[in-house]
Amino acid sequence: MRTRSHGRRRRHNPLRRRSDVVEAWVVVLVAVLLCVVAPLAGTAAGLYTYDRARTHAEEQRAERHSVRAEVLGRPAARPTVHGDRGHSYRAEVRWTEPGQKPRTAVAHVPAGTRAGDAVTVWFDGRGHTVAPPPNDIAVWQHTVAVGLGVAGGTATFVLLARAVERRVALRHRLDEWERAWARTGPRWTRRRA
């Protein structure tokens with residue numbers, strides 16, 4: 001013998017409270033937000049960031065140029081920059097561009113550089129020493145970090161909203177139980193003679 005469970009019968013269960021129905025729909029909504037919306041938000045933010053970062057890197061590559069320079073003095077005792085390329089120290093360097101006199105400047109050099117070593121130094125259009133433009137790996141790292149950050153932030157927001165909703169739902173559920181007990185309690189606790 002088979003037992004069928006009709007969806008209609010479950011909807012008219014007298015023990016099911018309105019708060020139970022709301023909580024069930026909220027769980028479905030949270031699942032959709034976490035599984036669909038958060039990844040989509042992260043992907044959209046990542047794609048937007050990739051486009052912007054790639055454009056910015058191309059602009060920097062166009063305006064900056066590198067030269068091979070010789071380190072003249074000892075680098076500073078303390079590092080001045082901590083980046084993805086390791087520690088960087090400031091030292092005086094000299095280079096000669098084609099058709100010009102030798103020039104000197106203070107530039108960032110990698111750790112372990114000694115006087116007389118050849119290093120690559122980057123300059124902007126005004127002749128100031130600058131960091132090298134970001135490469136494709138740096139652009140992708142930035143893209144992935146922003147995408148994961150937005151997806152994680154969206155998921156965190158959804159979970160915090162769920163926690164607040166659950167707290168409010170619990171308060172409403174307790175109020176419902178209190179009202180139900182106020183109606184039922186006097187019938188159960190009457191003194192019998």
Side-chain angles (χ1 to χ4, degrees), residues 26 29-167:
V26 167
L29 178 66
V30 166
V32 168
L33 289 173
L34 288 177
C35 295
V36 177
V37 175
L40 284 177
T43 302
L47 291 173
Y48 176 76
T49 301
Y50 176 75
D51 188 42
R52 299 279 305 214
R54 192 186 66 205
T55 302
H56 182 66
E58 288 171 358
E59 288 172 358
Q60 285 188 351
R61 285 185 201 120
E63 80 172 20
R64 296 178 181 186
H65 66 281
S66 65
V67 296
R68 291 297 287 172
E70 177 186 355
V71 178
L72 296 178
R74 255 181 58 202
R78 293 186 324 151
T80 56
V81 175
H82 305 280
D84 58 343
R85 294 174 177 87
H87 294 293
S88 179
Y89 297 84
R90 293 181 65 79
E92 189 173 5
V93 296
R94 177 180 51 212
W95 73 98
T96 305
E97 292 187 36
Q100 295 185 358
K101 296 187 285 186
R103 296 174 53 187
T104 61
V106 176
H108 294 283
V109 296
T113 304
R114 296 188 182 115
D117 287 352
V119 295
T120 301
V121 181
W122 286 86
F123 294 96
D124 62 8
R126 295 173 294 190
H128 298 104
T129 60
V130 293
N135 57 14
D136 290 337
I137 293 172
V139 169
W140 275 107
Q141 286 174 340
H142 182 66
T143 300
V144 169
V146 168
L148 288 176
V150 168
T154 303
T156 301
F157 177 77
V158 168
L159 292 174
L160 285 174
R162 167 68 173 136
V164 168
E165 180 276 332
R166 184 153 172 119
R167 190 174 185 117

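Nearest heavy-atom pair across Val30 and Val158 is CG1-CG1, 4.0 Å. Of all non-hydrogen atoms in Arg68 and Trp95, the two that sit nearest each other are O-CB, 3.5 Å. Between His65 and Asp124, the closest heavy-atom pair is CE1-O, 4.0 Å. Nearest heavy-atom pair, Gln60 versus Pro134, reported as atom, atom and distance to 0.1 Å: OE1-CD, 2.8 Å.
Atom CZ of Arg126 and atom CD of Glu63 lie 8.0 Å apart (nearest 0.5 Å). One distance of note links CZ of Arg94 with CG of Leu72; it measures 5.0 Å at 0.5 Å rounding. Distance CD/Glu92 to CD/Glu70: 11.0 Å, rounded to 0.5 Å. Taking CZ of Phe123 as the start and OG1 of Thr129 as the end, the distance is 6.5 Å to the nearest 0.5 Å.
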Using distance only, find each side-chain donor-acceptor pair of residues 40-49 under 3.5 Å and give its atom names and separation, not counting sequence neighbours.
residue	atom	partner	partner atom	Å
Thr43	OG1	Pro39	O	2.8
Thr49	OG1	Ala45	O	2.7

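For the pair Arg162 (side chain) and Val26 (backbone), a donor-acceptor distance under 3.5 Å is absent.
In this view, Arg61 and Ala57, Glu58, Pro133, Asp136 satisfy the side chain to side chain contact (heavy atoms under 4.5 Å, CB included) rule, not counting sequence neighbours.
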>> Assess the residue pair Leu159 and Leu34 against the criterion (side-chain contact (heavy atoms from CB on, under 4.5 Å)); give the C-alpha distance rounded to whole Å, side-chain angles, the decisive distance to 0.1 Å, and a yes or no.
In response: CA-CA 8 Å; Leu159 292 174; Leu34 288 177; 3.7 Å; yes
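Using modelled atom types, one finds no donor on one side chain facing an acceptor on the other under 3.5 Å when comparing Arg103 with Thr96.
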